[in-house]
Amino acid sequence: MKAIRLVEIGKPLEMQELPIPSVGNRDVLVRVKAAGICHSDAHYRAGTSSVGSLPQTLGHEVAGVVEEAGSQVTGLEIGDRVCLHYLLTCGDCTYCSLGSEQFCTSGRMIGKHCDGGYAEYIAVPARSAVRLPDEIPFEHGAVLMCSASTSFHALQKTRLAAGETVAIFGAGGLGMSAIQLARALGALDVYAVDINPDKLRQAEKYGAIPVNAAEDDPVGKLRELTGGRGVDVALELIGLPQTMQQAVQSLAVFGRAGLVGITDKPFELYSYAELLGREAEVIGCADHLLHELPLLLEFARRGQLDLSDVVTRTVPLDADAVNDVLDALEEFGGDVRTVITP
Ligand SMILES: [Zn+2]
Ligand SMILES: [Zn+2]
């Protein structure tokens, strides 16, 4: 089979011919129908994030069709449409039994620690294959496995309840999912904070109230818009100390700030005024969980989470085409998604 692989850090990915992976008793072989090209893949290629041993087939956002199932696989049959949870976990360790399998002691990520979906086929434990409803295109199923699920997990971690208000800092790819999912979970008002008027217009299309941080101080504006109360949940999806601080400062009494964006810089907070005095919380959010995927997929099936503005382009399984997309992600950032359709 064909696979597009990272052979050397800092070099373009290469097409290699590999044997079709063999399937263990509890595994399924999936014929890849869609593999999202993620900004993380550009980091792996550049060496700014580490990967397992090389060469490695990249691609952690994968959807396809079950081609073969191991003898002990139940609940999945040949021909089933599936999307893949990118974390391969044991299911038995302390963290797995607590339902927090993103910290599985033997967890591996596809397309990072083991071969991923930039290929014609991939074999994974059946436990990681989630049925993809017919109404959801493969391209959307693939992207649902990364950015949308990260946003969904952050809304779960911050315990968003129906009737609450939410501010989303960063109206990019993650933000567009977060806005729609917050509404699907029953948020009363969702505010989108960004400095880019185009992104704010798109956020408005999905039902968010725009707050242009280039024109107004977002903390003051959010207080004004909530009658002085502040928001119950603020998600920081950008990864800047300034917006992390703003997210905390925007909180109401008992508010929760979920930090999703990554930075190595510290941010400042005033413990009494911003946390203790409001019994507010700052919550770190990482990855997502297998058990969160069925509800996420159901929101997508019902059209409450629409990814048609996010997945804008497809390319064939071709090394040059994929390297071009990764070059563009490095240059312009990763708000819209290109998906490989082998
Ligand atoms: Zn991704
Ligand atoms: Zn485990």
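Heads up: numbering here begins at 1 and tracks the sequence. Bear in mind the structure is a predicted one, so any value in this text is a computation, not a measurement. Note that ligands are numbered from 1 as they come in the structure, with each ligand's atoms numbered from 1 the same way.
Salt-bridge check for Glu224 with Lys221: passed, with a basic side-chain N closer than 4.0 Å to an acidic carboxylate O. Look at Asp327 and Arg45 and you find a salt bridge, because one of the NZ, NE, NH1 or NH2 atoms lies within 4.0 Å of a carboxylate O, short of that distance.
The set of protein atoms (N, O or S) found at less than 2.8 Å from the Zn ion (ligand 1) reads Cys38 SG, His60 NE2, Glu61 OE2, Cys146 SG, by chain and number. For the Zn ion (ligand 2), protein N, O or S atoms closer than 2.8 Å were enumerated as Cys90 SG, Cys93 SG, Cys96 SG, Cys104 SG, with waters left out.
Atom NZ of Lys157 sits in a sparse spot, with 12 or fewer heavy atoms from other residues, nucleotides or ligands closer than 6.0 Å. For Glu279, the CD atom is loosely surrounded, since the number of other residues' heavy atoms within 6.0 Å does not exceed 12.
Of the candidates Ser151, Ser147, Ser149, Ser149 is the only one forming a side chain to side chain donor-acceptor pair (under 3.5 Å) with His288. For the side chain to side chain donor-acceptor pair (under 3.5 Å) criterion with His85, the lone passing option out of Glu101, His291, His60, Arg127 is Glu101.
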Which atom pairs, one a donor and one an acceptor, fall under 3.5 Å between side chains of residues 130-137 and the rest of the protein, sequence neighbours left out?
from   : atom 1 : to     : atom 2 : distance (Å)
Arg131 : NH1    : Asp80  : OD1    : 3.4
Arg131 : NH1    : Asp80  : OD2    : 3.0
Arg131 : NH2    : Gly75  : O      : 2.7
Glu135 : OE2    : Arg301 : NH1    : 3.1

Could you give me the CA-CA distance, side-chain angles and deciding distance for Tyr206 and Met176, then say whether side-chain contact (heavy atoms from CB on, under 4.5 Å) is met? CA-CA 8 Å; Tyr206 287 119; Met176 288 308 151; 3.6 Å; yes
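Think of Leu276 as one node in a network of Ile, Leu, Val, Met, Phe, Trp and Tyr side chains linked at under 4.5 Å; its network also takes in Met244, Val248, Leu259, Phe267, Leu269, Tyr272, Leu275, Val282.
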